[in-house]
Amino acid sequence: MVVKTNCNGREITGVEIGAGNVRRYFSKESAFIELLLDHLQIQCGLSPAFWQGQTEIRDPRLRVWLESKNFKAQPGEAPVPLALIPSGKNRFRLQTTTAHVRPRPNAEFEVAVSA
């Protein structure tokens with residue numbers, strides 16, 4: 001599934017999953033998920049708000065990982081698309097993606113998963 005970075009205007013705060021992806025890929029019985037970030041594995045809690053439309057996953061370790069990928073949160077820039085790949089029960093691998101064409105505001109673009 002394609003997800004995107006989320007920011008508060010100055011810094012990246014986490015990853016926005018989207019309500020459709022939550023319904024399709026996440027179990028309501030789960031209080032947390034495991035994220036695989038390159039060689040790092042972290043657990044992220046899922047708050048009750050996550051199931052009620054606030055579908056951002058936040059964690060300080062996730063934020064540091066996103067920043068290490070040189071995602072700069074600049075005001076007015078589009079969120080960065082990422083691939084979130086199911087990898088077991090309540091486990092997902094988060095990977096960067098590459099755009100074939102640098103996106104312009106309100107423009108469509110293709111996304112390919114990088115290894």
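Please read all numbers here as calculations on a predicted model, not as lab measurements.
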message: Does any part of the side chain of Glu16, heavy atoms only, come nearer than 4.5 Å to the side chain of Thr55, both counted from C-beta?
response: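 When only atoms from C-beta onward are counted, Glu16 and Thr55 do touch, with a gap below 4.5 Å.
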
message: Between Arg63 and Thr13, is there a side-chain heavy-atom distance shorter than 4.5 Å?
response: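 No, their side chains stay 4.5 Å or more apart.
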
Considering non-hydrogen atoms only, spot the tightest contact between [X] and [Y] and give its length.
X	Y	result
Thr96	Leu82	CA-CD2, 3.9 Å
Cys7	Ile12	CB-CA, 3.9 Å
Cys44	Asp59	SG-CB, 3.8 Å
Leu94	Leu84	CD1-CD1, 3.9 Å

query: Donor-acceptor pair, Thr5 side chain versus Val80 backbone, under 3.5 Å?
result: yes

- prompt: Between Ser87 and Phe92, is there a donor-acceptor pair closer than 3.5 Å when you use the side chain of the first and the backbone of the second?
  reply: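 No; judged by distance alone, with no hydrogens or angles, the pair does not exist.
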
task: Before giving the answer on side chain to side chain contact (heavy atoms under 4.5 Å, CB included), spell out for Ile85 and Gln95 the whole-Å C-alpha distance, their side-chain angles and the decisive distance to 0.1 Å.
output: CA-CA 8 Å; Ile85 303 164; Gln95 296 179 333; 3.2 Å; yes

- request: Test salt bridge (Lys or Arg N to Asp or Glu O under 4.0 Å) on Arg93 and Asp38 and set out the steps.
  value: CA-CA 8 Å; Arg93 178 172 301 283; Asp38 297 330; over 6 Å; no

- prompt: Would Leu40 and Leu66 show up in the same hydrophobic cluster when neighbours are defined by side-chain heavy atoms closer than 4.5 Å?
  reply: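 Same cluster.
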
message: Using a 6.0 Å cut-off, check whether atom CD of Gln54 has over 12 heavy atoms from anything other than its own residue.
response: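 No, because the 6.0 Å sphere around CD of Gln54 holds 12 heavy atoms or fewer from other groups.
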
field: Residues, nucleotides or ligands: over 12 heavy atoms within 6.0 Å of Arg23 CZ
entry: no

field: salt bridge (Lys or Arg N to Asp or Glu O under 4.0 Å) contacts in which one or both residues fall within residues 43-57, not counting sequence neighbours
entry: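 Applying salt bridge (Lys or Arg N to Asp or Glu O under 4.0 Å) to every pair that reaches into residues 43-57, excluding sequence neighbours, yields Glu56-Arg58.
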
From CE (Met1) to CD1 (Ile17), nearest 0.5 Å: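 Answer for the CE-CD1 pair, Met1 versus Ile17, is 6.5 Å.
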
Worked verdict on Leu62 versus Ile42 for side chain to side chain contact (heavy atoms under 4.5 Å, CB included): CA-CA 8 Å; Leu62 172 60; Ile42 64 173; 4.2 Å; yes

Could you list the donor-acceptor pairs under 3.5 angstrom formed by side chains in residues 27-36, with sequence neighbours left out?
unit_1, atom_1, unit_2, atom_2, d
Ser27, OG, Glu29, N, 3.4
Ser27, OG, Glu29, OE1, 2.7
Ser30, OG, Ser27, O, 3.4
Ser30, OG, Asn90, OD1, 2.6
Ser30, OG, Asn90, ND2, 3.0
Glu34, OE1, Gln41, NE2, 2.9
Glu34, OE1, Arg91, NE, 3.1
Glu34, OE1, Arg91, NH2, 3.1

